[in-house]
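Inspection log for the structure reproduced underneath, given as structure tokens.
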Amino acid sequence: MSVESAQAFYKRIATDEVLQKQLQNAASDEQRREIILAAGYSFTLSEWEVALAKISKSGDSISDAELDAIAAGVSAVPYQPPSSVWSGLEQISFDKLHRLFNPSAWSIRTKLSVALLCVALIPMSFTTYHNLQESLKSAEDSEYRKLELLATSNASRLDQLIIDIQRVAVQVSTDKDVVGFLAATTPQKQIAFRTSMQRTLDNVFRSNPDYDVVYIIDTKGRCVAATNPTFIAQNYAFREYFRFSIQGRPYVSSVLVGTTSGRPGIYFSNPVRSEGGKIVGVAILKIKGEDIWAIVNALQAGSKSYAFLVDERGVIISHPDKSLLYHSLAPLPPEKQKQAGTLYGIDQIKSLNIPELAAMVGAKQTAYTSYYSSVEQTRQMIGFAPLQEQPWVLGVNKAHAQFDAPLNQLIWQNSRSLLAVGAIAAIIALVLARSIAKPIRILTKSAQSLVEQDDFDDHQLAKASYANDDIGQLVHVFLQMAQEVKAREQKLKQQVLELNVEIDEAKKARQVADITQTDYFQQLQQKAQTIKGRLSKNDAAETDYFQQLQQKVQNLKGKSIRTYAEVTEGSNHKDTEDTQRSLSGKSQQSEPLPLGEGETPKANGKNQS
């Protein structure tokens with residue numbers, strides 16, 4: 001579609017008489033539109049208006065009189081008014097769309113192609129979709145299971161770390177110098193054990209760089225020995241680890257912030273018992289919080305995944321994002337809020353408000369879940385597992401986008417397979433549909449040619465009838481029928497021709513009978529008979545006279561036959577009457593006067609004897 005096409009049509013319609021006549025003789029606007037499109041012109045309403053404006057400016061436009069001089073139908077397409085062109089084009093487009101979405105108007109080849117494609121692609125599409133959904137579900141379950149296994153493995157490593165450090169704490173609490181120092185009843189006895197006890201504490205502290213401090217507390221909660229001198233003489237009776245261990249139970253704290261050092265860490269405590277089994281103090285081993293966080297942060301499931309640790313209250317005690325430390329996964333009740341605030345030394349525990357992660361709090365077995373992270377603004381998937389040595393839960397978090405990448409690749413692979421199979425099925429469907437529709441089209445064309453032109457192309461039908469299927473049999477039967485019809489038609493034409501000849505002969509006979517049966521002809525014949533009878537009694541002169549009269553009768557009869565033939569060809573009854581009157585006049589002129597009785601005609605000027 002273009003303005004140039006509209007301009008070209010405008011110029012051609014003013015000069016092309018053949019196109020003008022075609023448009024003038026068109027029976028309807030629809031035929032005129034088809035003629036315009038068949039002539040190779042296509043333009044929109046806006047393009048037509050632009051073309052008219054350009055032609056008007058250039059002065060090349062034709063006048064209204066010239067437009068009226070063109071066929072009446074031309075002014076309607078597209079000159080008067082321009083909107084009729086657009087409406088016509090819209091009608092053509094609408095007709096095409098209507099035919100496109102109307103299966104009953106499709107050709108048999110299109111119907112067969114669509115049917116074969118539907119038979120091939122619809123079941124395959126459902127099967128592919130079902131298999132894809134199952135594959136996606138299986139892949140997602142596998143990914144969650146992987147996160148669960150990774151969380152379980154990392155939780156086991158933390159359990160082993162806790163067990164190893166607890167063993168060190170037990171080793172310190174059972175050291176003879178530590179027991180002897182705390183069990184001594186006098187200062188002199190304590191002095192005897194202090195140097196060796198301090199050496200033991202220093203050796204333990206230097207054995208692992210993750211240790212922050214090792215110290216001993218008496219039964220009143222006062223620190224009596226430590227690797228960090230600032231701890232000595234401090235009272236830790238308020239600490240939970242002291243209250244637990246002084247009752248004879250080992251204890252492992254959360255990641256707490258030390259009141260003396262101000263550094264976070266995990267406290268391992270174990271009761272110190274005398275030889276008699278009496279609890280005489282508590283041995284404490286503190287692990288640096290940064291080292292614990294480093295250990296947890298190193299447990300990753302990919303470049304964009306991370307691990308985090310929550311305590312029994314659902315408070316985060318280890319996370320790569322330090323701003324999220326000591327935040328609860330879900331809002332805490334007032335009592336737990338107060339306990340957690342006291343434990344971690346902060347005024348208020350803020351909540352991340354992620355209800356999907358509430359399943360992690362106090363979990364007893366591995367599981368998985370997903371949630372939307374308002375911090376990262378993406379969907380997250382998480383697998384978690386509880387620790388056996390502590391009421392903590394370790395979670396491994398992974399962005400769902402990382403999982404979506406292989407899923408999208410799987411979807412694309414399935415789609416490509418479906419498209420490839422669909423393309424192959426489409427080609428096969430088109431080939432089959434064409435092979436089926438081709439003989440039917442030949443058959444239809446031959447039947448149409450037989451109706452319109454009384455002839456058909458038997459060569460194409462013969463080629464199409466070579467197939468051994470039902471359509472080939474149909475074409476073969478139609479070919480035989482068409483040949484038989486053609487032969488009968490030729491025979492019928494010959495019979496009609498012969499019948500026309502017989503009808504012409506009978507017509508001539510009727511015309512002769514019409515002439516010979518007239519009263520005038522009967523009178524002539526009677527007179528001829530009378531004269532013939534008289535001539536038989538007369539001499540040779542009378543015979544000559546009779547022969548002359550007979551010759552006149554024959555001549556008159558021939559003229560009557562020719563006159564009636566001319567009358568019949570003109571189909572004019574009036575001319576027939578005029579001919580009869582003319583014939584009657586001539587006969588009266590040539591008729592001899594009647595002879596009286598006893599009189600004889602004169603012959604050749606001779607006297608009667």
Using modelled atom types only, decide if a donor and an acceptor are shared between the side chain of [X] and the backbone of [Y] within a distance under 3.5 Å.
X      : Y      : answer
Asp218 : Gly221 : yes
Asn228 : Phe231 : no
Thr127 : Pro123 : yes
Ser207 : Val204 : yes
Thr195 : Ile191 : no

Residues two or more places apart in sequence or in another chain: which of them pass salt bridge (Lys or Arg N to Asp or Glu O under 4.0 Å) with [X]?
X      : value
Lys322 : none
Arg145 : Glu148
Arg263 : Asp212

Mind checking the [atom1]-[atom2] spacing from [X] to [Y]? Nearest 0.5 Å is all I need.
X      : Y      : atom1 : atom2 : result
Ser373 : Arg379 : OG    : CZ    : 10.5 Å
Thr174 : Arg167 : OG1   : CZ    : 13.0 Å
Met197 : Lys176 : CE    : NZ    : 14.5 Å
Leu324 : Leu329 : CG    : CG    : 10.0 Å
Gln348 : Leu332 : CD    : CG    : 10.0 Å
Asp177 : Gln198 : CG    : CD    : 11.5 Å

Kindly indicate, with the supporting measurements, whether the criterion side chain to side chain contact (heavy atoms under 4.5 Å, CB included) is fulfilled by His319 and His327. CA-CA 10 Å; His319 198 282; His327 284 65; over 6 Å; no
State, without any angle test, whether [X] and [Y] hold a side-chain donor-acceptor pair at a distance under 3.5 Å.
X      : Y      : value
Ser138 : Glu140 : no
Ser328 : Arg313 : no
Gln380 : Asn397 : yes

Any side-chain heavy atom of [X] within less than 4.5 Å of one from [Y]?
X      : Y      : value
Phe308 : Ile317 : no
Tyr211 : Thr227 : no
Val224 : Ile232 : no
Trp392 : Glu312 : yes
Leu147 : Phe384 : no
Lys398 : Ile382 : no
Ile162 : Leu387 : yes
Leu309 : Ile316 : no

Looking at every heavy atom in both [X] and [Y], which two are closest together, and how far apart are they?
X      : Y      : result
Val255 : Gly289 : CG1-CA, 4.4 Å
Arg273 : Ile279 : NH1-CG1, 3.7 Å
Ser370 : Tyr144 : CB-OH, 3.3 Å
Leu182 : Ile216 : CD1-CG2, 3.5 Å
Ser253 : Gln390 : O-NE2, 4.4 Å
Ala169 : Ala283 : O-CB, 4.4 Å

Any pair with a residue in residues 180-205 that passes ring pair (Phe, Tyr, Trp, His ring centres under 6.0 Å), sequence neighbours left out, goes on the list, sorted by first then second residue, please. none
Identify the residue among [options] that makes a side-chain contact (heavy atoms from CB on, under 4.5 Å) with [X].
X      : options                        : result
Ser269 : Leu285, Ile284, Ile246         : Ile284
Val172 : Asn270, Val272, Asn203, Leu201 : Leu201
Asp210 : Ile165, Leu161, Asp291         : Asp291

Step by step, would you call Gln171 with Asp175 a side chain to side chain contact (heavy atoms under 4.5 Å, CB included)? CA-CA 6 Å; Gln171 181 181 356; Asp175 184 79; over 6 Å; no
Tell me which pairs pass salt bridge (Lys or Arg N to Asp or Glu O under 4.0 Å) where either residue lies in residues 225-245, with sequence neighbours left out. none
Check the pair Tyr251 / Phe242 against side chain to side chain contact (heavy atoms under 4.5 Å, CB included), numbers first and verdict last. CA-CA 8 Å; Tyr251 178 80; Phe242 172 76; over 6 Å; no
Angle between ring planes, Tyr215 versus Tyr241, binned at 30° and 60°: parallel, tilted or perpendicular? perpendicular
Got a salt bridge between Glu335 and Lys338, using NZ or NE/NH1/NH2 to carboxylate O under 4.0 Å? no
Distance-only donor-acceptor pairs under 3.5 Å for side chains of residues 349-366, two or more places apart:
residue, atom, partner, partner atom, Å
Ser351, OG, Asn353, N, 3.0

Go through it in stages, so that I can follow the logic: the residues are Val214 and Lys286, the test is side chain to side chain contact (heavy atoms under 4.5 Å, CB included), and I'd like the CA-CA distance, side-chain angles, deciding distance and then a yes or no. CA-CA 6 Å; Val214 182; Lys286 180 184 176 183; over 6 Å; no
With a cut-off of 6.0 Å (strictly less than), are more than 12 heavy atoms of other residues, nucleotides or ligands near CZ of Phe238? yes
Before you tell me yes or no, could you show the steps for Asp164 and Gln160 under side chain to side chain donor-acceptor pair (under 3.5 Å), namely the whole-Å CA-CA distance, both residues' side-chain angles and the distance that decides it to 0.1 Å? CA-CA 6 Å; Asp164 293 340; Gln160 187 62 43; 3.0 Å; yes
